[in-house]
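See below for the structure under consideration.
Only heavy atoms go into these numbers, but all of them, side chains included; no hydrogens, no water, no symmetry mates. Sequence lines set the chain letters: A, B, ... in the order given, protein chains first and strands last, and positions in each chain run from 1.
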Protein chains: 2
Amino acid sequence: MDDLAYVSTAQVSRALGVGVTTIKRWVDDGILPAHRTPGGHRKLLLADVLRLVRENDFPQLDLARLRPSLLSGSVLDETKLSRDLYAALRHGDASAARFLIESVDRGGLRAATLADAVIAPAMRRIGLEWEEGRIDVMHEHRATQICSESLYALKSHLLSQAVQERPVAVGGVPEGQLHALASQLVELVLLEGGWSPVNLGPNTPFSSFRKALTELRPRLLWLSIHRVEEPAAFLAAYRELYDDAHKSGIPVAIGGQGLTDDLRALMPYTTYGDGLSHLADFASSLHPRPRRRPRGRPHGT
Amino acid sequence: MDDLAYVSTAQVSRALGVGVTTIKRWVDDGILPAHRTPGGHRKLLLADVLRLVRENDFPQLDLARLRPSLLSGSVLDETKLSRDLYAALRHGDASAARFLIESVDRGGLRAATLADAVIAPAMRRIGLEWEEGRIDVMHEHRATQICSESLYALKSHLLSQAVQERPVAVGGVPEGQLHALASQLVELVLLEGGWSPVNLGPNTPFSSFRKALTELRPRLLWLSIHRVEEPAAFLAAYRELYDDAHKSGIPVAIGGQGLTDDLRALMPYTTYGDGLSHLADFASSLHPRPRRRPRGRPHGT
DNA sequence: AATAAATAGGACGATTTGGACGATTTGTTA
DNA sequence: TAACAAATCGTCCAAATCGTCCTATTTATT
């Protein structure tokens with residue numbers, strides 16, 4: 001009875017902007033396929049609705065309202081997801097990539113898992129192919145853009161069901177570095193963990209992070225490191241920032257593939273170099289997230 | 001049905017003071033976009049109607065009649081919007097910014113207007129304050145991130161009601177340049193104009209654009225120029241790209257605040273340096289959407 | 001002024017839509 | 001398991017919309 005792939009007539013009618021009676025008639029006339037419960041209630045397969053809307057020129061108000069999972073019952077397999085995502089990114093299929101990434105949310109996978117087990121492998125593989133000269137930078141850029149866009153869509157989704165009163169976390173990608181994707185993933189992980197992330201984006205000077213510490217008074221600071229050109233200068237600047245944060249009692253989480261073991265050994269705490277799952281755990285140790293149980297009849301969504 | 005986004009032909013005809021038949025004809029002629037129910041009833045998006053009204057400068061518009069709740073008092077004023085957006089960005093109020101940017105679409109403003117009259121002034125003002133040292137880079141970065149996020153949300157919205165069969169346009173920001181915002185706005189403008197934009201993002205080598213030309217066979221290439229460090233090298237690389245595109249018969253649109261008059265004078269076609277409205281016009285000349293034809297007897301014969 | 005082409009708008013029967021109604025089903029809570 | 005509230009059912013009917021045909025108006029050319 002937990003099959004989320006089904007939607008009711010009322011849900012569809014709201015999403016398509018027509019009356020409930022009309023939906024019922026469409027089903028009865030065979031325009032919309034539907035199953036019936038023993039009691040006679042119509043159960044529409046979301047996939048059918050979406051297909052008909054796309055194939056014909058149906059009105060469509062807000063299909064996002066029909067959020068429940070499209071993956072009827074099938075267990076989410078991160079490995080397969082990652083492979084599918086890789087294929088979609090490789091061929092520049094934006095809508096497929098977006099669908100896959102959003103399905104992660106619908107399927108109840110954690111954001112940290114999405115990052116570590118789905119997106120990271122896919123992007124790493126694309127990066128590898130680029131280094132081997134099997135694809136152009138163009139493909140890599142296109143993949144990054146599509147990924148970024150899909151992640152923003154997902155964030156928008158998480159944001160819509162977020163509660164108030166969240167501790168602030170500030171972070172970004174230090175100066176000289178452009179890879180914004182990792183920082184976006186951190187945003188998602190923190191958002192899911194009940195935080196209010198403020199992403200300063202790529203190429204942000206260390207001084208700006210320090211400014212943000214005093215002005216925004218976050219309870220966590222994160223840094224994504226993609227590659228370190230000059231370790232000495234980097235370490236010096238980082239230590240200064242770290243001292244600042246330490247004085248204010250603000251923990252620092254730093255990670256990314258640019259964070260080599262050599263580097264890590266020389267840095268004061270706290271790294272999440274082994275993946276965003278580490279960061280998620282660390283963050284939730286700072287701010288244990290209260291769990292809610294949905295109450296009452298409304299099964300809507 | 002008092003659902004918010006859709007209106008009927010009769011409602012529009014009353015609000016605009018024209019006959020119902022006329023509205024129907026406009027829809028049938030493609031002047032006014034509309035969806036169809038399976039039964040054949042037209043469903044017009046309020047935003048599309050407002051866009052038409054705004055652009056054709058209707059003499060008598062009783063739009064308050066259409067949706068009092070949506071337009072309550074707020075005659076969309078780009079100047080005010082821009083000021084409000086500036087304030088939201090300045091204070092890091094992401095949800096306010098997102099609301100403002102989405103309200104532009106609800107109110108029927110064109111994407112090009114959003115870019116030229118709302119976002120550009122707000123971001124320019126923030127950039128100015130930064131140069132004058134009145135705010136930190138942090139604020140500028142935060143504003144950019146918030147803007148970017150809101151624009152992605154808007155794009156996602158436009159995408160959900162897009163049709164198939166769109167010509168492809170490819171573009172991005174050339175190497176050495178990081179300001180991705182402008183390219184995002186181009187994406188929106190093209191999307192609204194019926195294109196399928198492929199954004200290669202910031203810091204894309206010229207060679208990649210050329211690769212994209214042969215591989216994706218776009219019908220338009222766009223470049224966003226934020227700042228040119230070495231004009232000579234830039235011009236050389238650009239000319240090479242332009243020649244490639246020209247050979248394939250692909251028009252090139254180039255613009256951005258880095259495109260000074262000096263530079264422009266030395267470049268082969270087609271610039272949109274004066275704003276995205278220019279780009280929108282240019283793009284729609286390549287892929288014309290149905291417009292109101294001039295009345296009377298056609299010229300010549 | 002006369003003319004042709006294109007748009008505007010009213011009228012018609014036929015079709016579609018959506019709200020209202022009491023009866024029934026469904027999922028959660030006691 | 002019983003009780004309950006929310007959601008859905010089927011049916012009926014008024015209102016809205018459809019497509020078509022016909023005529024009036026506007027506009028640019030002759």
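The shortest heavy-atom contact between A:V118 and A:S82 is O-OG, 2.9 Å.
Remark: B:R264 CZ is packed, more than 12 non-hydrogen atoms of other residues, nucleotides or ligands lying under 6.0 Å away.
At a cut-off of 3.5 angstrom, the base of C:dG9 holds no donor-acceptor pair with the side chain of B:T22.
Between the CG atom of A:D29 and the C1' atom of C:dT16 there is a distance of 11 Å, given to the nearest Å. B:L16 places its CG atom 10 Å from the P atom of C:dG9, with the value rounded to the nearest Å. We find that CG of B:D28 is positioned 14 Å from P of D:dC21, with the value rounded to whole Å. The nearest whole Å value for the distance from the CG atom in A:D57 to the C1' atom in D:dC18 is 16 Å. Remark: P of C:dT26 and OH of A:Y6 are 14 Å apart, rounded to the nearest angstrom.
Residue B:S8 has a polar side-chain atom (N or O) positioned under 4.0 Å from OP1 or OP2 of D:dT17. Contact check, B:W26 against C:dA8: a side-chain N or O comes under 4.0 Å of OP1 or OP2. Under 4.0 angstrom from either OP1 or OP2 of C:dA8 there lies at least one side-chain N or O belonging to B:R25.
By the 4.0 Å N-to-carboxylate-O rule, B:K80 lies close enough to B:D84 to be salt-bridged with it.
A donor atom on one side chain and an acceptor atom on the other are not found under 3.5 Å apart for A:R42 and A:T37. With 3.5 Å as the limit, one finds a donor-acceptor pair spanning the side chains of A:S95 and A:D93. At a cut-off of 3.5 Å, with distance as the only test, no side-chain donor of A:S277 or A:R110 sits close to an acceptor on the other residue.
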Which side-chain N or O atoms in residues 184-193 of chain B pair as donor and acceptor under 3.5 Å with protein atoms at least two apart or in another chain?
| from | atom 1 | to | atom 2 | distance (Å) |
| --- | --- | --- | --- | --- |
| B:Q184 | OE1 | B:S148 | OG | 2.8 |
| B:Q184 | NE2 | B:S148 | O | 3.1 |
| B:E187 | OE1 | B:N199 | ND2 | 3.1 |
| B:E187 | OE2 | B:K155 | NZ | 2.5 |
| B:E192 | OE1 | B:A111 | N | 3.3 |
| B:E192 | OE2 | B:R51 | NH1 | 3.4 |
| B:E192 | OE2 | B:A111 | N | 3.1 |

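For the pair B:R106 and B:F99, the cation sits on the ring face: its NZ or CZ lies under 6.0 Å from the ring centre, inside 45° of the axis.
Using a 4.0 Å heavy-atom distance criterion, A:T9 is classed as a sugar-phosphate-only contact.
Of the residues in residues 31-43 of chain A, those with a non-hydrogen atom less than 4.0 angstrom from any atom of DNA chain D are A:R36, A:G40, A:H41, A:R42.
Each end of the helix from C:dA1-D:dT30 to C:dA30-D:dT1 gets its own axis, taken as the rotation carrying the C1' atoms of four end pairs onto the next four within a five-pair window, and the two axes meet at 40° to the nearest 10 degrees.
Here the two rings, on A:F58 and A:W26, have centers that are under 6.0 Å apart.
Take the nearest nucleotide of DNA chain C for B:G19 and for A:I23: the residue whose nucleotide is more 5' is B:G19.
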